Structure formats: C-alpha cells, structure tokens
Chemist: 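One structure, pasted below without further comment.
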Amino acid sequence: MDTEEPPVLVLPAAVGRDGIPALCDAVRSALERTGDGARVVVCDTDALGAPDLAQVDLPARLELTARRSGGRIRLRAPAPALRALLAAVGLRFQTEGQPEEGEPARGVEEAVETGDPAR
C-alpha cells in the first residue's frame, strides 16, 4: 500500500494577525489536495521564536480551520516552551519529532540502582 506523506506548512518566525488568514487558507488548500486517508497538515514550528500568546493563537486557528475542512494539523518538533504554553492554556496538538508524553526518548534508558526490585 502506498502511503502518502502529509503536506508540510513551514510557519514563519513572525506572524501578525493579518498573516493568519493566509496561513489558514494554506492549510485548507493543503487538505483539499490530500487523499481520502489521514487528512493531516504538518506545521513546521522550527522558525518560531520565543513562545507568546500570538504563537498560541496561530496553531489554535490553524487547527480550527483544519477541523472545519475535515482534517487536523500536526506540529513538527515544537519547542518545549511552546508545548508548555499550549498545555497551560488547555490546547493539545498531535506532534512529531518528540517522544510521547511520559515516554523516554529513543535510546534513553531509565537508570536502575543496584538493589532495586525488578518491575
């Protein structure tokens, strides 16, 4: 079965309120071009600077646009500070490039003290 990679939208470093509608249009357009499978647009957050409430507003609006179009967005490797701010305001997003919450990163082993009982 041929799996198609989801489209990627690179978010710019600075987005004012007047730039959000164009990014929402880009999400809507990308979802229209996806197949009937998983309708997801990956939003690359690498260029975003220090998180603030404007950076909370942007993914929230993009997710709302995607849901209205029958899809979702996925954040690509958001900075820990952005993830914390999104969580603080009650917003959860699918992410890629980071371990799931509560899971250690690949290749990281939990330290075991001598004498610890086996689990």
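We're numbering straight along the sequence, starting at 1. This one's a predicted model, so the numbers in the text were calculated from it and none came from an experiment.
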Chemist: Hey, what do you get for CG (L91) to CG (L85), rounding to the nearest 0.5 Å?
Modeler: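 The CG atom of L91 sits 9.0 Å away from the CG atom of L85.
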Chemist: With the side chain counted from C-beta on, respond yes when L9 and D44 share a heavy-atom pair under 4.5 Å apart, and no when they do not.
Modeler: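 A side-chain contact under 4.5 Å is absent here.
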Chemist: Please find the pair of heavy atoms, one from A47 and one from P12, that lie closest to each other, and give the distance.
Modeler: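 A47 and P12 have their closest heavy atoms at CB-C, 4.3 Å.
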Chemist: Taking it one step at a time, do V10 and R76 satisfy side chain to side chain contact (heavy atoms under 4.5 Å, CB included)?
Modeler: CA-CA 9 Å; V10 178; R76 176 171 285 165; over 6 Å; no
Chemist: Using the rule that Ile, Leu, Val, Met, Phe, Trp and Tyr join whenever any side-chain heavy atoms are under 4.5 Å apart, tell me whether V89 and V15 fall into a single cluster.
Modeler: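 Yes, same cluster.
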Chemist: Which one of L11, L75, V41 satisfies the side chain to side chain contact (heavy atoms under 4.5 Å, CB included) criterion with L62?
Modeler: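 Testing L62 for a side chain to side chain contact (heavy atoms under 4.5 Å, CB included) against L11, L75, V41 leaves exactly one candidate, L11.
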Chemist: Could you check whether R67 pairs with E63 (Lys NZ or Arg NE/NH1/NH2 to Asp/Glu carboxylate O, under 4.0 Å)?
Modeler: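 Salt bridge flag = yes for E63 with R67.
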Chemist: Once you round to the nearest 0.5 Å, how far does SG of C24 lie from CG of L58?
Modeler: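 Result: 7.5 Å between the selected atoms.
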Chemist: Supply the atom-to-atom distance F93 CZ to R72 CZ, rounded to the nearest 0.5 angstrom.
Modeler: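 Separation between the atoms: 8.5 Å.
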Chemist: Identify the two heavy atoms, one from T95 and one from P78, that lie closest to each other, and give their separation to 0.1 Å.
Modeler: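 Closest approach of T95 to P78: CG2-CG, 3.8 Å.
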Chemist: Set out, in order, the CA-CA distance, both residues' side-chain angles and the distance that settles side chain to side chain contact (heavy atoms under 4.5 Å, CB included) for R92 and L86, then state yes or no.
Modeler: CA-CA 7 Å; R92 295 186 58 133; L86 291 169; over 6 Å; no
Chemist: Between the main-chain N or O of R61 and the side-chain N or O of T65, is there a donor-acceptor pair closer than 3.5 Å?
Modeler: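 Such a contact is found between T65 side chain and R61 backbone.
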Chemist: Just do the side chain to side chain contact (heavy atoms under 4.5 Å, CB included) check on V40 and T34 with the steps written out, would you?
Modeler: CA-CA 8 Å; V40 173; T34 62; over 6 Å; no
Chemist: Using modelled atom types and a 3.5 Å cut-off, is there a donor and acceptor pairing between side-chain atoms of D52 and backbone atoms of Q55?
Modeler: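 The answer is yes, because a donor-acceptor pair under 3.5 Å joins these two groups.
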Chemist: Within the distance-only criterion (no hydrogens, no angle test), does the side chain of R39 pair as donor or acceptor with the backbone N or O of S69 below 3.5 angstrom?
Modeler: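 Yes, the answer is positive, given that a donor and an acceptor are paired below the 3.5 Å cut-off.
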Chemist: Would you please test V42 and E96 for side chain to side chain contact (heavy atoms under 4.5 Å, CB included) and show each step?
Modeler: CA-CA 9 Å; V42 175; E96 65 178 39; 3.7 Å; yes
Chemist: Considering non-hydrogen atoms only, spot the tightest contact between A13 and L48 and give its length.
Modeler: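 For A13 versus L48, the nearest heavy atoms are O-CD2, 4.2 Å.
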